[in-house]
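Naming: A, B, ... by sequence-line order, numbering from 1 per chain. Please read these numbers as outputs of a predicted model, since none were measured by experiment.
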Amino acid sequence: MAEVENLQKIVSHCKEYGFIFPSSEIYDNLGAVYDYGQFGVELKNNIKEYWWKSMVQMHVNIVGLDSAIFMHPTVWKASGHVDSFSDPLIDNKDSKKRYRADVLLEEKIDKLKEKGEKELTKKNLSEASVEEKVKASRDYAKGVLLETEYTKAAETADFKRYKELIEEYEIACEVSGSKNWTDVRQFNLMFGTKLGAVDEDSTDLYLRPETAQGIFVNFLNVQKTGRLKIPFGIAQIGKAFRNEIVARQFIFRMREFEQMEMQFFVRPGTQKEWFEKWKQTRMNWHLALGTAQENLRFHVHEKLAHYADAAEDIQFKFPIGFKELEGIHSRGDFDLSQHQKFSGKKLQYFDSELNENYVPYVIETSIGLDRMFLRVISESLKDEVLENGETRTVLNLPAALAPIKVAILPLVKKDGLPEKAREILNTLKFVGRTFYEEKDSIGKRYRRMDALGTPYCITVDHQTLEDNTVTIRERDTMQQDRIHMDEVAKIVGSKIDMNNLLRKAIC
RNA sequence: GCGGAAGUAGCUCAGCUGGUAGAGCGACAGCCUUCCAAGCUGUAGGUCGCGGGUUCGAACCUCGUCUUCCGCUCCA
């Protein structure tokens with residue numbers, strides 16, 4: 001069994017079989033944006049259902065939410081996105097290396113000061129006041145001057161001045177040694193838009209770069225109206241937007257993407273054990289799909305984000321290598337505290353056991369739905385060599401996730417077989433998404449269904465007209481059985497039941 | 001954003017030193033009536049990514065632009 005490892009094959013398969021199309025394709029595509037086709041949307045919805053049921057339905061203390069994409073602009077100041085989600089970048093024209101202009105300047109300041117300090121130590125002035133140091137060391141003086149200038153420029157985000165400073169202080173590229181720089185450009189990773197009809201009166205808004213903040217700002221609404229007691233969680237599935245400088249690798253990194261996030265609120269001090277618990281719970285969820293353990297791993301963040309006190313990723317072995325699929329973060333009380341500060345509203349929980357008020361700590365599980373989709377496709381798509389030497393392309397999706405659950409195929413399109421097949425089809429509509437096809441040879445239709453990941457095909461032949469039995473053909477084994485048509489719903493129904501996955505995930 | 005490569009039918013691609021496009025598969029209709037991509041007949045589908053330039057004439061040469069892939073960069 002040869003695994004299809006090439007991402008390109010996955011892209012082609014997704015397009016050819018109606019899973020994913022490039023956005024606005026007839027206009028030459030919109031970069032890094034993709035549309036889900038007729039079968040893609042079914043698979044995606046099934047993944048959502050699997051997540052939602054395992055998180056919300058299976059946990060009495062977790063509730064759902066669907067917050068708006070637009071949020072008050074101050075939300076993003078409080079969350080830290082306005083400040084840390086935009087970088088002033090500068091390129092060296094000779095080496096083509098890109099640097100963060102602020103980092104270059106800060107490093108220069110440190111270098112100058114360090115050099116100065118060495119000189120001062122020789123002169124026994126290391127304990128002297130700044131003023132004396134400035135007088136005694138030229139390098140130190142330059143460092144202090146640059147620091148002052150840089151701080152001033154940073155306050156007004158004056159990027160022109162950044163470049164001037166880089167030139168004045170002769171900062172060179174580490175690689176090329178050249179001082180041939182482009183202008184400083186600001187890359188804001190948040191998409192901006194306007195609210196209001198008239199430009200002058202309009203408010204600047206951002207499209208949310210993550211769904212989490214919608215949960216945090218609704219923390220009290222949900223907690224109070226749901227009369228929820230800590231520990232409890234709020235889960236949400238929704239779109240998020242990031243203006244990635246380089247967005248590539250198919251649906252792995254898109255500008256518009258969908259997240260499935262859950263924020264779990266806990267008593268401060270208990271975050272470590274909840275972090276561990278959610279790590280395991282989430283890993284089980286992934287393993288329940290039948291993925292080999294060696295294709296999944298935890299990855300510890302070396303550099304923690306500004307809010308986190310612990311962070312690990314669940315990585316999956318994509319065709320492009322081990323990459324982040326889901327993040328599990330211990331966010332402390334950072335978000336709620338920030339919103340408390342910026343909104344002036346108390347975002348606290350009264351713990352009747354401890355008889356005290358506190359800002360809860362948060363454990364976040366955040367998974368990219370599109371990445372999950374890519375993962376499911378990439379581990380399911382196979383070029384299988386059959387006993388007779390032929391190959392077939394098969395998408396052996398977990399049955400509960402398959403876009404089409406069962407196909408009804410009359411062996412030939414005459415002698416009343418189509419009519420009989422449609423009659424059976426109508427009864428199966430209540431079981432799951434069905435598919436009907438009477439064109440082409442039966443073998444060809446089986447293969448087509450294999451490529452779509454349909455777990456069962458039901459074939460209606462002449463014998464069906466006599467005794468109401470049909471052939472049921474299973475996707476993975478290609479095994480065929482003759483059963484009574486009334487049994488089909490039961491057999492298919494039990495195989496495609498989402499509970500099969502949920503039972504494995506919750507253990 | 002930089003460097004490299006590529007863009008021709010739904011897909012995979014061919015198209016020579018410039019003479020306005022082909023194959024295989026696929027799709028659609030019909031015949032055959034058939035349990036693992038069978039066969040036969042017919043049909044549709046391309047201003048060769050887009051826009052300039054050179055030329056009597058451009059899919060081919062040239063410039064620009066867009067998109068995709070690889071590498072760098074970036075990555076809460």
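What separates NE2 of A:His299 from C1' of B:rC75 is a distance of 13 Å, to the nearest Å. To the nearest angstrom, P of B:rC74 lies 13 Å from NZ of A:Lys323. Separating the CD1 atom of A:Ile251 from the P atom of B:rC69 is a distance of 13 Å, rounded to the nearest angstrom. Taking atom CG of residue A:Asn243 and atom P of nucleotide B:rC74, one finds them 17 Å apart after rounding to whole Å. One interatomic measurement links the two molecules: CG of A:Leu7 to P of B:rU68, which rounds to 13 Å at whole-angstrom precision. Atom CD1 in A:Ile320 sits roughly 13 Å away from atom P in B:rC72 (whole-Å rounding). To the nearest angstrom, P of B:rC28 lies 12 Å from CD of A:Glu438. Nucleotide B:rC74 holds its C1' atom 12 Å from the CZ atom of A:Arg255, rounded to whole Å.
Distance check on atom P: B:rG45 versus B:rA9 gives 15 Å, rounded to whole Å. A distance of about 35 Å separates the C1' atoms of B:rG7 and B:rU41, rounded to the whole Å. Taking the C1' atoms as reference points, B:rU20 lies 10 Å from B:rU47, given to the whole Å. Rounded to whole Å, the separation between the P atoms of B:rA23 and B:rA6 comes to 26 Å. Distance check on atom P: B:rC11 versus B:rG46 gives 13 Å, rounded to whole Å. With both ends at atom P, the span from B:rA59 to B:rU8 equals 15 Å, rounded to whole Å. On the C1' atoms, B:rC56 is 27 Å away from B:rG49, given to the nearest whole Å. Taking the C1' atoms as reference points, B:rA44 lies 27 Å from B:rU34, given to the whole Å.
Between the side chains of A:Thr459 and A:Tyr446, a donor-acceptor pair is found at a separation under 3.5 Å. A donor-acceptor contact closer than 3.5 angstrom links the side chains of A:Ser54 and A:Trp285. In this structure, a donor-acceptor pair under 3.5 Å is absent between the side chains of A:Asn396 and A:Ser380. Between the side chains of A:Tyr162 and A:Glu164, no donor-acceptor pair is found at a separation under 3.5 Å. Side-chain polar atoms of A:His339 and A:Gln213 form a donor-acceptor pair below 3.5 angstrom. Of the N and O atoms on the side chains of A:Glu324 and A:Gln315, not one donor lies less than 3.5 Å from an acceptor on the other residue. Judged purely by distance below 3.5 Å, without hydrogens or angles, the side chains of A:Tyr36 and A:Asp370 pair a donor atom with an acceptor atom.
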Check step by step if side-chain hydrogen bond (donor to acceptor under 3.5 Å, both in side chains) holds for A:Thr477 and A:Glu474.
-> CA-CA 6 Å; A:Thr477 59; A:Glu474 212 259 331; 2.8 Å; yes
Please test A:Gln236 against A:Thr211 for side-chain hydrogen bond (donor to acceptor under 3.5 Å, both in side chains), starting from the C-alpha separation and ending with a verdict.
-> CA-CA 7 Å; A:Gln236 164 157 245; A:Thr211 53; 4.5 Å; no
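Because its NZ or CZ atom is both nearer than 6.0 Å to the ring centre of A:Phe298 and within 45° of the ring axis, A:Lys279 counts as a cation-pi partner of that residue.
At distances below 3.5 Å, at least one donor-acceptor pair connects side-chain atoms of A:Arg482 with backbone N or O atoms of A:Thr469.
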Mark up nucleotides 34-48 of chain B, 5' to 3', with B wherever a protein heavy atom is under 4.0 angstrom from a base atom, S wherever such an atom reaches only the sugar-phosphate, and - elsewhere.
-> BBBBS----------
Base, backbone or nothing for each nucleotide of nucleotides 9-14 of chain B, written B, S, -, heavy atoms under 4.0 angstrom, 5' to 3'?
-> -SS---
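Helical stems involving RNA chain B, defined as 3 or more consecutive Watson-Crick or G-U pairs under 3.5 Å, span B:1-7 with B:66-72, B:10-13 with B:22-25, B:27-31 with B:39-43, B:49-53 with B:61-65.
Interface remark: the A:Arg253 side chain does form a donor-acceptor pair with the B:rC75 base, using a distance-only criterion of under 3.5 Å.
By the neighbour-count criterion of 12 heavy atoms within 6.0 Å, atom OH of A:Tyr436 is densely surrounded, having more than that number from other residues, nucleotides or ligands.
Each of A:Val11 and A:Glu324 was assigned the nucleotide of RNA chain B with the nearest heavy atom; the assignment lying further toward the 5' end belongs to A:Val11.
Between A:Asp450 and the options A:Lys382, A:Arg473, A:Lys444, A:Arg445, a salt bridge (charged side-chain N to carboxylate O under 4.0 Å, His left out) holds for only A:Arg473.
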